[in-house]
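Here is the structure we will look at.
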Amino acid sequence: MPTHELAQLNIAQLLAPLDSPQLAGFVARLDEINTLAERSPGFIWRLQTEDGDATDLRPLGDDILVNMSIWQDVEALHHYVYKTVHTELIKQRRDWFAKMAEAVVVLWWVEAGHRPDAAEAAERLAHLRAHGPSPYAFTFRNTFSAPESAGTAQQPCPANN
């Protein structure tokens, strides 16, 4: 049984309020895309309210949407993001979200069963932005293998050492 799972955070800065006509196409597809993720091979968990909504969670600011999930491995997440109808939303993202100068996606390994909170995810994204890809916080372009033993994924930020 694997000792680690892949955590991911992606953020998006809204161009308009979520209930605006400009974001209607995005909002209309949320249930479909979330259901697709949840039924995808390798999916484990996603951050959401008790009602199943993640758009109400705004830990990084009122105009920043967060999407955080746990996957079996990089390949499973990559397949969902780039090989399913999810790509249709990626192609339309500029209609709904501001182009951000810094990284908006971060991946990292967590011990199996651990569910990160927004503070942990934000810290991983900040580390990636400040230091670039590393085993602590990485991207699809620069991935790192899961740690080989338990206890190694939850280490404190290496920049603090």
Quiz item: Which atoms form the tightest heavy-atom contact between Ala76 and Pro41, and what is the distance?
Solution: CB-O, 3.4 Å
Quiz item: Which pairs count as side chain to side chain donor-acceptor pair (under 3.5 Å) when at least one residue sits in residues 81-98, sequence neighbours excluded?
Solution: Arg29-Glu88
Exercise. Return yes if some donor-acceptor pair links the side-chain N/O of Glu5 with the main-chain N/O of Gly113 below 3.5 Å, else return no.
Key: yes
Quiz item: His4 side chain to Pro147 main-chain N or O, any donor-acceptor pair under 3.5 Å?
Solution: yes
Quiz item: Just checking, is any N or O donor in the side chain of Glu32 or Asn34 under 3.5 Å from an acceptor N or O on the other one?
Solution: no
Exercise. Mind checking the CD-CG spacing from Gln13 to Asp63? Nearest 0.5 Å is all I need.
Key: 4.5 Å
Quiz item: side-chain contact (heavy atoms from CB on, under 4.5 Å) between Leu65 and Leu18: does it pass, once the steps are laid out?
Solution: CA-CA 10 Å; Leu65 292 184; Leu18 203 56; 4.2 Å; yes
Quiz item: Is the Phe138 ring parallel, tilted or perpendicular to the Trp109 ring (thresholds 30°, 60°)?
Solution: tilted
Exercise. Assess whether atom CG of Asn142 is packed by more than 12 heavy atoms of other residues, nucleotides or ligands within 6.0 Å.
Key: yes
Quiz item: Closest heavy-atom contact between Ala54 and Arg46?
Solution: CB-NH1, 4.3 Å
Exercise. Check whether any side-chain N or O of Asp117 sits under 3.5 Å from a backbone N or O of Ala119 as a donor-acceptor pair, and report yes or no.
Key: yes
Quiz item: Within the side chain of Ser20, is there an N or O that forms a donor-acceptor pair under 3.5 Å with the backbone of Ala16?
Solution: no
Quiz prompt | Partner set under side chain to side chain contact (heavy atoms under 4.5 Å, CB included) for Ser145, not counting sequence neighbours | solution = none
Quiz item: Is Asp56 atom CG crowded by more than 12 heavy atoms from other residues, nucleotides or ligands, each under 6.0 Å away?
Solution: yes
Quiz prompt | Atom pair CD/OH of Glu38 and Tyr80 - distance to nearest 0.5 Å | solution = 9.0 Å
Quiz item: For the ring pair Trp108 and Phe144, is the centre-to-centre distance below 6.0 Å?
Solution: no
